[in-house]
2 protein chains.
Amino acid sequence: MCYRPAVYPAVPSAAPTSESIRDRLARAAFALFADQGYESTTIDDITRAAGVARRTFFRHFPSKEDVIFPDHDSVLDRVRWYLGASTKTEPVFAVAEATRLIFESFMETPERTIARYRLTREVSALRDREVASVAKYERVLSDYLRSRLPDTSEAALAAHIAAASFVAAHNQVLREWLRSGGAKDPRPALEAAVATVSDLMAPLIVRSSRQGPSSAG
Amino acid sequence: MCYRPAVYPAVPSAAPTSESIRDRLARAAFALFADQGYESTTIDDITRAAGVARRTFFRHFPSKEDVIFPDHDSVLDRVRWYLGASTKTEPVFAVAEATRLIFESFMETPERTIARYRLTREVSALRDREVASVAKYERVLSDYLRSRLPDTSEAALAAHIAAASFVAAHNQVLREWLRSGGAKDPRPALEAAVATVSDLMAPLIVRSSRQGPSSAG
DNA sequence: ACCGTAGTGGCACTAAGTGCCATGCAACAA
DNA sequence: TTGTTGCATGGCACTTAGTGCCACTACGGT
């Protein structure tokens, strides 16, 4: 018995156990960030508010920045799963649908998306983090397109351009919705943007899909 | 005279003063990262190797990650300057030229570009950092395009798609060159990629440039 | 010789993130 | 009931990035 066994229950009476520790941490973090800012909120503050130990935070989130994107990995998995099952559909159509999937994941928790937007505008570290997570979506899309296209550098270029364009369209619609304060339904704007990119990219992808050098001339 | 005045010259005999401290730090950092890895190299290691005090490192680079991209800000300024002067040229042409400008900045220091590539593949934090700096280029391009286009959401969308496409093409050519080990001149591939994107984006930009709603109907 | 400025050295301090082990708890087996 | 096994958490020590502050030096101007 080297240590004093003062292990009180983490949360004496409040906070029913129904909410997972991970959710408690994320909720406490968002609240504190909104209240006193990201940089002046320490991990100690968050864990105190969530009623857990400091060490526990890093068991649920690899870093302080990651708590802003609590479900990023699951969305990424969902997109991967969808595209993994889309071996028969038209590649551009599948990527368009994946773009909608990503967009809907942001619309599932609008308050959090808005809070995150506020934070990423103010804290450059978080902005960089968001950019990095968007790049992961782009990577998933381009990997899929490359898997559906011949193994040429022209097709690889087309895949990257298309993936970047869909992601750019997604971001533009999302940002415009966020800048407007999350007023009206952004889905029509997303449909228009996805249609624009689909029309733009279809010939590029089709051209890349053409096998063999016989058509060059 | 509270402190002992043991202020020896930082570098007794080696390292002529011709090289700036900033360059010494960057060179030492690249050497150490290549030798013993990024994460197991501390700022102390770098400053010891460069013959300066630890505190001095952070006067030249805001963080350890930034030492990998020592001239990123100057390149960004160069691109901004070029685009700022391109108020008369065709927007797509100007952005294409800006893309070449960015690419050339990487080709100015090929060894460093290659070393950076190796590091960003292994260290996720550096990969994220690179993605963030690429996003800054994309931002500069899209800001320029928006400034040259009418203030509509369609034009904004077109600007973002075009900027993302040029950057994606740039990255694809650069990555392919890096993966090939930096063998042959990548400029022809860049020209082809830039031409592809230019052809693809020209109609989108032209369509966005059309003023007035009279054409909608 | 005197001053102001800019860059550097040195030190203390905060906070993020990691490693390690003890503890508590739930499921399960005897 | 008791023992065991596995897992998640608590708690602590430690390293390291990054900041604030002040002393010192060098250099240029007067």
Side-chain angles (χ1 to χ4, degrees), chain A residues 1-12 15-26 28-29 32-33 36-69 119 123-126 128-129 132, chain B residues 1-12 15-26 28-29 32-33 36-69 119 123-126 128-129 132:
Chain A
M1 218 185 270
C2 317
Y3 304 120
R4 59 171 69 193
V7 183
Y8 306 112
V11 176
T17 330
S18 63
E19 196 179 14
S20 74
I21 286 186
R22 187 185 166 87
D23 288 342
R24 282 225 306 274
L25 282 167
L32 284 166
F33 293 164
Q36 62 191 39
Y38 176 79
E39 273 153 335
S40 47
T41 300
T42 68
I43 306 290
D44 275 318
D45 294 338
I46 299 170
T47 52
R48 242 196 315 271
V52 297
R54 172 186 152 76
R55 192 65 181 85
T56 301
F57 179 91
F58 293 105
R59 290 206 179 88
H60 291 278
F61 303 98
S63 81
K64 183 182 172 186
E65 294 168 4
D66 288 294
V67 78
I68 306 285
F69 312 95
L119 287 169
V123 184
S124 66
L126 293 179
D128 289 356
R129 190 56 151 218
Chain B
M1 223 184 268
C2 317
Y3 304 119
R4 59 170 68 190
V7 184
Y8 305 111
V11 176
T17 331
S18 63
E19 196 179 15
S20 74
I21 285 185
R22 187 184 165 86
D23 289 342
R24 282 224 307 273
L25 283 168
L32 284 167
F33 292 164
Q36 63 191 39
Y38 176 79
E39 273 151 337
S40 47
T41 300
T42 67
I43 306 289
D44 275 318
D45 293 337
I46 299 170
T47 52
R48 240 195 316 272
V52 297
R54 173 184 151 76
R55 190 66 182 84
T56 301
F57 179 91
F58 292 104
R59 291 205 179 89
H60 291 278
F61 302 99
S63 81
K64 183 182 172 186
E65 294 167 4
D66 287 294
V67 78
I68 306 283
F69 312 95
L119 287 169
V123 184
S124 66
L126 293 178
D128 290 355
R129 189 57 150 220

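Chain A is the first sequence line, chain B the second, and so forth, proteins listed ahead of strands; every chain is numbered from 1. Hydrogens, waters and symmetry mates are skipped; everything else that's a heavy atom, side chains included, is used.
B/Arg55 has its CZ atom 12 Å from the C1' atom of C/dG7, to the nearest Å. Put simply, CG on A/Leu25 is 14 Å from P on C/dG17, counting in whole angstrom units. Atom CZ of A/Arg22 is separated from atom P of D/dC7 by 19 Å (rounded to the nearest Å). Atoms CZ (B/Arg54) and C1' (D/dG18) sit 7 Å apart, rounded to a whole Å. Residue B/Ile21 contributes atom CD1, which lies 11 Å from atom P of C/dG7 at whole-angstrom precision.
Among residues two or more places apart in sequence or in another chain, the side chain to side chain contact (heavy atoms under 4.5 Å, CB included) test is passed with A/Ala132 by B/Asp128. Applying the side chain to side chain donor-acceptor pair (under 3.5 Å) criterion to A/Asp23, with sequence neighbours excluded, gives A/Ser20. Listed by chain and number, the residues in a side chain to side chain donor-acceptor pair (under 3.5 Å) with B/Ser124 amount to none (sequence neighbours excluded).
For the contact set between residues 57-66 of chain A and DNA chain D, defined by any heavy atom under 4.0 Å, the members are A/Arg59, A/His60. Interface residues of residues 37-49 of chain A facing DNA chain C, ordered by number: A/Thr41, A/Thr42, A/Ile43; criterion, heavy-atom separation under 4.0 Å.
Residues B/Ala28 and B/Ile46 share a closest heavy-atom pair of CB-O, 4.0 Å. Contact detail for A/Leu32 and A/Ala49: the closest heavy-atom pair is CD1-CB, 4.0 Å.
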Which atom pairs, one a donor and one an acceptor, fall under 3.5 Å between side chains of residues 54-64 of chain B and the rest of the protein, sequence neighbours left out?
from	atom 1	to	atom 2	distance (Å)
B/Ser63	OG	B/Glu65	N	3.3
B/Ser63	OG	B/Asp66	OD2	2.8
B/Lys64	NZ	B/Tyr38	O	3.0
B/Lys64	NZ	B/Thr41	O	2.7

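Between A/Ile68 and A/Arg129, every side-chain heavy-atom pair lies at or beyond the 4.5 Å cut-off. Considering only heavy atoms from C-beta on, B/Val67 comes within 4.5 Å of B/Phe33 through its side chain.
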